[in-house]
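Read the structure below first, then the notes.
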Amino acid sequence: MLKGRRKSVFKISYVIIVLLIGILAVAWYSHVLKNELRELVRNTLKEVSSQNVLIVRKEIEGDLNALTEIAERIGALEKADEDTIVRTLRGVSYRYSFKRMGYCSANGRAYTTDDSVFDPSQWDWFQASMAGENCISEPLIDAVDGEEIIIFSAPVKRRDKVAGVVFATYRIESLKEILSVTSFEGEGYTYIIQRDGDKVVDSVNPTSFQNMTNIYTSMRNADGRNMQVVKELRQLLDNGQTGYVIFYNKIGKYMYVTPLGINDWFLADVVPVDFMESTSNDILYRTYVVCVVLAAICVIIVVMIYVEERRKKRQMQNLLYVDELTGGDTHAKFLLDVEKKVMGAYREAAFVMMDLDDFKLINELFGYAEGNSVLRYTWNVLHGHCREEECLGRSIADRFVLWLYFDTRGEIEKRVTQMAEEIQRYVIPQASEYILHPVFGIYYVDKGDEDVEGMQNCAALVHNLAKQEKSGSYKVYTDVMKEKMLQKKQLSDQIEFAYKNHEFIAYYQPKYESVSQRLAGAEALVRWRKPDGQTISPGLFIPLAEESGFVRKLDEYIFREVCLAQKRWLDKGLRIVPISVNLSQRHLENPEFVDEYKRIVDETGVPIEYIQLEITESALYEKKKEFIEIMEKLHQMGFVILMDDFGTGYSTLMMLKSIPVDVMKLDKSFVDDYDDVRGRQIIRCVMRLAQDLQIAITAEGVETQDQYEFLKSIGCDTIQGYYFAKPMPEEEFETRMEMSGLAGEEA
Ligand code: C2E
Ligand code: CA
Ligand code: CA
């Protein structure tokens with residue numbers, strides 16, 4: 001749970017970080033782009049402005065130069081009075097766009113081409129030209145018609161002395177016309193202003209300041225925001241710099257100012273910010289659109305991936321959590337739910353494990369469809385008995401796990417019994433007499449115990465025990481069981497260690513011919529002799545070794561020991577007898593041992609007829625086909641096969657016919673029944689059966705003379721039991737063989 005939450009917090013922060021990085025990247029990019037585009041706007045303005053400067057200068061300087069030339073020409077005339085000069089001026093004035101021209105004599109009288117006379121002496125332009133300079137006046141008002149004008153003036157020099165001034169009146173309207181050439185698609189216009197902000201030329205453009213006399217005043221009047229702009233502009237003009245400001249007249253406008261180089265005039269090109277930035281805004285807008293589209297695509301992809309992942313996860317969860325066969329929960333889901341319950345408020349609970357004894361058989365005998373139907377029925381019964389808050393899951397095959405609540409312990413046992421009874425009501429159509437055997441293992445959960453796996457292990461342990469003991473439909477876990485299991489585990493570990501430490505040895509129990517009482521053979525029986533001399537009988541460790549499969553190694557070891565012993569005795573010149581070795585049924589799972597056993601016999605060089613193999617009858621039942629194949633192979637190799645513990649398994653007459661058995665070992669339990677009349681009858685029957693099938697008989701566990709006499713009388717071939725001898729160490733058996741050899745020689 002916590003892991004999941006941490007994961008989603010991680011995911012969310014990951015998404016936020018990626019988003020933030022994306023936003024920052026876009027912000028940075030648009031900032032850079034904006035700056036680049038501003039720069040572009042400035043450059044455009046600069047270019048337009050410098051072109052306008054060129055045009056204006058060309059116009060004004062062109063006219064001034066023309067006037068200068070005229071003045072020089074007049075100066076060159078030998079004798080010229082005012083009349084003559086005015087006439088001359090009239091003669092050339094049509095070539096120029098001047099309003100009028102005129103001549104001022106040094107004594108301060110001005111004569112114009114339109115016949116007026118005035119006193120120019122107070123005008124700056126007159127004084128400057130009298131001082132020898134060419135001059136362009138500040139804007140003036142024409143005294144004749146009130147038109148805005150400027151006056152160009154140039155000195156007339158005679159013999160290096162200023163004799164008078166030639167002047168021309170220039171209409172400001174003409175400059176206005178020149179500057180009114182539309183720029184920026186009619187959105188732009190141009191002023192000429194003086195350093196103090198006074199206008200020289202204003203604009204006809206309707207969006208320009210109307211009736212402007214001073215740019216600063218107009219700006220201030222137009223918008224409160226222009227206060228700062230005025231300061232910036234004043235700084236530019238005062239310093240005679242080129243630069244721009246953004247001012248407001250309804251809308252934001254760029255004003256780019258450039259000194260004209262005439263008087264202290266500046267050209268001011270104006271263009272709306274929006275117009276200039278419309279292209280850059282377009283680019284920016286498109287960039288944002290692309291970013292948004294990309295982001296949307298990313299979001300869509302992420303969402304799609306997320307949805308697909310969710311779908312897959314749900315599918316996986318279904319696979320993991322829903323049992324296809326029953327439609328109920330799987331083992332994984334069960335464990336998940338139980339873990340949640342365990343973490344919640346404490347309630348008395350039991351972890352129960354159940355399966356059907358010999359379920360495999362149902363599949364084998366009646367087919368998988370029937371097997372599945374049994375499983376579904378079982379689940380239905382269990383599910384029907386489970387309460388809302390309880391859990392049920394199926395692990396492997398026919399194994400079910402339950403999490404049940406209770407108030408008193410007896411309750412669970414009662415419920416489990418009811419479940420078992422209901423399951424047993426199932427009828428297999430092909431075999432109505434077949435009864436299912438449900439087995440339950442109950443583990444009562446300790447208060448505060450949160451280890452679900454541990455609970456499951458305990459339930460599994462007691463369930464296994466219940467199955468082994470076949471004592472009823474359920475068994476309840478006790479701590480003693482755990483202790484025993486632990487001991488078993490320790491013993492199992494010890495066995496492997498003991499094997500490596502060569503603590504296992506073979507004991508030999510002689511077998512005698514019943515009539516002659518001569519030594520006929522022996523059975524090798526494993527003993528565990530600990531370093532402290534203590535000997536442990538196989539009954540204590542063989543079942544464990546069988547459980548773990550270790551018995552295969554052990555059997556092979558004893559087999560080799562017997563072969564080696566036989567070889568030694570042969571080499572000593574003893575008259576050896578056949579020795580039988582026990583073969584665990586675990587070998588049937590792995591037929592490779594057959595060749596290995598043959599190899600050991602060949603290696604040691606013992607004639608194969610001196611090594612016999614004992615296979616317990618009960619092994620026959622389960623794996624009949626494979627078993628017979630192995631037996632046949634062993635038999636063909638030359639091994640004599642003994643059927644051990646005959647009478648304890650389920651072998652039938654038919655089976656005995658098809659299995660290559662040479663000797664039947666009548667189980668001790670038959671021999672023990674000798675006292676009983678019926679027991680004796682059964683022994684006689686078995687004897688007859690064996691004789692009919694031409695199988696020799698060895699009786700096991702013969703302890704008394706009466707038993708011996710009886711078995712001899714009914715034709716039992718060989719006898720093995722404490723009556724003649726207990727299992728003994730190798731040396732002791734060797735002595736027996738020596739004695740028997742001597743007896744044989746004597747006979
Ligand atoms: P088993 O093969 O039936 O061996 C006969 C068992 O009966 C032996 O017990 C033997 O000591 C005992 N016995 C023989 N005569 C008498 C008698 O007159 N009275 C009584 N009360 N018992 C008698 P042991 O040696 O304790 O072996 C027990 C079982 O352990 C064997 O039964 C066999 O199934 C298994 N076993 C022993 N050695 C091996 C082995 O090397 N490999 C395998 N796989 N199993 C072995
Ligand atoms: Ca045996
Ligand atoms: Ca036996």
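Along the sequence shown, the residues carry numbers beginning at 1. Counting starts at 1 for both ligands and their atoms, in listed order. Both backbone and side-chain heavy atoms feed into the values below; hydrogens, waters and symmetry mates do not.
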Tell me which N, O or S atom from E523 is the closest to the Ca ion (ligand 2).
OE2

Ligand 1-proximal atoms of K665, by part, heavy-atom distance under 4.0 Å:
neither

Does atom 34 (O) of ligand 1 have any protein heavy atom closer than 4.0 Å?
no

Report yes if some N/O of Y723 lies less than 3.5 Å from some N/O of ligand 1; otherwise report no.
no

With 3.0 Å as the threshold, which protein atoms of type N, O or S lie near the Ca ion (ligand 3)? Leave waters out.
D644 OD1, D645 OD1, E700 OE1, E700 OE2

So which heavy atom in the protein is nearest atom 19 (N) of ligand 1, and how far is it from that ligand atom?
E703 OE2, 2.6 Å

Who's the nearest protein heavy-atom neighbour of atom 4 (O) of ligand 1, and how far?
L525 CD2, 3.6 Å

Under 6.0 Å from the six-membered ring centre of Y722 and within 45° of its axis: does the NZ or CZ of K726 meet both?
yes

Take the angle between the ring planes of H587 and Y597 and call it parallel below 30°, perpendicular above 60°, tilted in between.
perpendicular

Is E546 close to ligand 1, meaning an N/O of one under 3.5 Å from an N/O of the other?
no

For F334 and F351, I'd like to know if the aromatic rings sit close, meaning centre-to-centre distance below 6.0 Å.
yes

Shortest protein heavy-atom distance from atom 42 (N) of ligand 1, along with the residue and atom involved
D555 OD1, 2.7 Å

S537 to ligand 1: N or O pair under 3.5 Å?
no

Among all protein heavy atoms, pick the one closest to atom 38 (N) of ligand 1 and tell me residue, atom and distance.
V526 N, 3.2 Å

